[in-house]
2 protein chains.
Amino acid sequence: MAKLHHFVLDPYSRRIRLSLAEKGQPVALVDERPWAPSRVLLDHNPSGLLPVLLEESGAAICGVEALGEYLEEQGEGRPLLPGNAIARAEIRRLVAWFDVKFYTEVSEPLLTEKVVKRFMPGSAAPDMARVRASLQRLKPHLDYVAWLAEQRSWLAGEELSLADLAAAAHISALDYLGDVNWSENLVAKSWYQRIKSRPAFRALLGDSVPGMAPSASYADLDF
Amino acid sequence: MAKLHHFVLDPYSRRIRLSLAEKGQPVALVDERPWAPSRVLLDHNPSGLLPVLLEESGAAICGVEALGEYLEEQGEGRPLLPGNAIARAEIRRLVAWFDVKFYTEVSEPLLTEKVVKRFMPGSAAPDMARVRASLQRLKPHLDYVAWLAEQRSWLAGEELSLADLAAAAHISALDYLGDVNWSENLVAKSWYQRIKSRPAFRALLGDSVPGMAPSASYADLDF
């Protein structure tokens, strides 16, 4: 079986786990800590970035960008870049929205301050001003999710796509930390409820980081 | 003719200009300032991120990730993701190396401190400690370019690919600023000399930012 080197709260690892599950492709998970990548990970991906898929053939597919396209090119299971070239470009625009803009403004600061600094030896105390600023920046992103979800069945169009998985991957990592105030945005909540209820999401809802329990409603489908 | 909204020193805009030129596809350039995106840009890409291609049909293809794949899917001109699925994954791994890791560690801090702060009204003075730290981080990246160029004809394999264009896009923006000390790494220099001499590079060598002349050797093929 193929192996996926991942970290439970890494949004990019989460997206690829969701993609594999939506496509019905089983994988063995290998835990990594992003602040102390294993020798095996660095040998395959010198950047140390997650996730990395090791195929049974020995081939290594490194990074969320390469993996998202690679799994699609394999042509097995549900297509996650459905539609024509323009529709696919819209999906990729939104994936970049979450993987670049949302990550820079929200996920990276929250995960660095709350998770990495907790576990990485010799870290400074969390910068609470940075945490508060990131939480402020989460609100307009949830508004954008709601705006998209009101126009379309799913974020990029009429079908579930990588755009939904990218958004859910980032947002679910913050939801694990208890940082999403769902009562503030019921349209975004309803989109998240739909994606959280999918069978492909189930494994993520069982996740736990040793020493850091998930928020009370993290695994609750009726949150 | 299609229009490309771009900024001369934005590495992502530069990569797409190079891609279009390698594929032999003419485009009209529309200048943008990343710190003050135009109304047209924001209407098409609310993230304000560059580049954005406006097709004659009215379709907008937004962002370097979507554009790199879209131009390839059109199937016209030189393929820039050549090879089988594993070879393509290697190209995309290296594109992410430059677009994510190199950008975070080197391009973003240098361009923010030296360019954005120079032109954006109300900016603080450049943070010279940040500039120096980024220049230090450039060295191992040039070593990595040299290591790849020693094993292979081009960075990702035997053919020119998006990986070379991504690397050259970032490095050429720094070269404009005079921030690449080529005498320190002759193997990386020889790779850059090869790509800089390609006809597709010519338009970039004529670039200039008003009020900020390029370094003396920027346009020199015999630097």
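By a heavy-atom distance cut of under 4.5 Å, B/A85, B/I86, B/R88, B/A89, B/R92, B/R93, B/A96, B/W97, B/V100, B/K101 are the residues of residues 84-102 of chain B near chain A, going up by number. Heavy-atom neighbours of chain A within the stretch residues 161-173 of chain B, taken at a separation under 4.5 angstrom, are nonexistent.
Looking only at heavy-atom pairs under 4.5 Å with chain A, the residue among B/E55, B/E65, B/E69, B/Q74 that has the most is B/E69. Listed options B/G63, B/A59, B/C62, B/S57 were ranked by heavy-atom pairs under 4.5 angstrom with chain A; first place goes to B/C62.
Within a 6.0 Å sphere centred on NZ of B/K23, heavy atoms belonging to other residues, nucleotides or ligands number more than 12. Within a 6.0 Å sphere centred on NZ of A/K114, other residues, nucleotides and ligands contribute more than 12 heavy atoms.
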